[in-house]
**Q** 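Got a structure for you, written out below as structure tokens; questions coming shortly.
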Amino acid sequence: MVPSLVCGSSNPFINTLPPSSSSSFTQNHLRPPVIVCFRNKEGISASMEVSRSPLEILLKSLLPLAASAVVILSSGTANAGFLSGLSGIESVPGPQLPRIDFLNRWNDENQKKYAEADARFKESPLLKKLLEQSKLNKEKNRQETLDKYCIRGAEWGVGDCSAEAMSPEDREKFISMLKKKAGVE
């Protein structure tokens with residue numbers, strides 16, 4: 001393939017290329033290079049542009065994408081190394097320690113004492129009183145929070161307690177009634 005010229009010139013340097021450069025273009029590219037000529041202050045200059053075929057552009061752009069897809073899709077499960085399939089040292093039972101009778105009896109007696117103490121504590125009137133007080137405090141705190149948000153909604157004119165549609169004097173009465181109910185005033 002011979003390079004094609006975009007501009008004609010009587011200068012033999014521009015019209016021809018050395019054989020080594022033209023053979024390298026024909027081996028490396030599907031289309032021959034195009035020599036573009038332009039005029040500047042010093043005279044005529046030439047530059048070589050290599051035009052690429054759409055197939056070549058497509059192949060060069062899809063190759064990295066295809067390689068990435070192959071790497072992502074072919075990756076299997078991650079292994080921690082050659083011991084990844086083996087169980088750890090924690091699964092190996094330790095040696096059987098000698099049993100000492102008086103320590104076993106002492107441990108059993110202590111377990112019985114702890115179980116009896118837990119049962120007595122769970123049935124104690126003090127614990128029952130504290131649990132009941134906790135339930136009452138929970139409900140009281142919940143109601144205080146609801147009242148606080150209702151007052152705020154009435155003042156701002158938003159939410160379920162909004163007083164936006166009321167006249168200014170009715171609005172003030174409503175808000176003061178909410179505050180008295182909540183114990184704020």
**Q** Nearest 0.5 Å, please: how far is NZ in K113 from CD in E116?
**A** 9.5 Å
**Q** For L103, does its backbone N or O pair with a side-chain atom of N107 as donor and acceptor, under 3.5 Å?
**A**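 No; judged by distance alone, with no hydrogens or angles, the pair does not exist.
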**Q** Using a strict threshold of under 4.0 Å (side-chain N to carboxylate O), is an ion pair present between R142 and E139?
**A** yes
**Q** Working to the nearest 0.5 Å, report the span between CD of E155 and NZ of K179.
**A**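 Output value for this atom pair is 4.5 Å.
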**Q** Any chain of hydrophobic side-chain contacts (each under 4.5 Å) joining M177 to I151?
**A**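 Looking at the clustering, I151 is in the same group as M177.
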**Q** So with a 6.0 Å cut-off around CG of D160, is the heavy-atom count from everything else above 12?
**A** no
**Q** To the nearest 0.5 Å, how far apart are CG in L127 and CZ in R120?
**A** 13.5 Å
**Q** When rounded to the nearest 0.5 angstrom, what is the spacing between CG in L146 and CD in E144?
**A** 10.5 Å
**Q** Quick one: do S167 and D170 satisfy side-chain hydrogen bond (donor to acceptor under 3.5 Å, both in side chains)? Show the steps, please.
**A** CA-CA 5 Å; S167 66; D170 289 341; 3.2 Å; yes
**Q** If I take atom CZ from residue R105 and atom CG from residue N110, how far apart are they, to the nearest 0.5 angstrom?
**A** 13.0 Å
**Q** Please answer whether the main-chain N or O of G159 pairs with a side-chain N or O of S162 as donor and acceptor at a distance below 3.5 Å.
**A**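 No, S162 side chain to G159 backbone: no donor-acceptor pair under 3.5 Å.
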**Q** Between S68 (side chain only) and P64 (backbone N and O only), is there a donor and an acceptor less than 3.5 Å apart?
**A**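 Checking the backbone N and O of P64 against the side chain of S68, a donor-acceptor pair under 3.5 Å is found.
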**Q** Within the structure provided, determine whether K128 and K122 are in side-chain contact (heavy-atom separation under 4.5 Å).
**A** no
**Q** Between R171 and E164, is there a salt bridge with N-O shorter than 4.0 Å?
**A** no
**Q** Once you round to the nearest 0.5 Å, how far does CZ of R152 lie from CG of L178?
**A** 13.5 Å
**Q** I'd like to know if F121 and L131 are part of one continuous hydrophobic network [Ile/Leu/Val/Met/Phe/Trp/Tyr, side-chain heavy atoms within less than 4.5 Å].
**A** yes
**Q** Testing the basics here: between C161 and F174, what is the closest heavy-atom pair and its distance to 0.1 Å?
**A**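 Shortest heavy-atom separation between C161 and F174 comes out as O-CE2, 3.5 Å.
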**Q** Any non-hydrogen side-chain atom of N104 less than 4.5 Å from a side-chain atom of F102?
**A** no
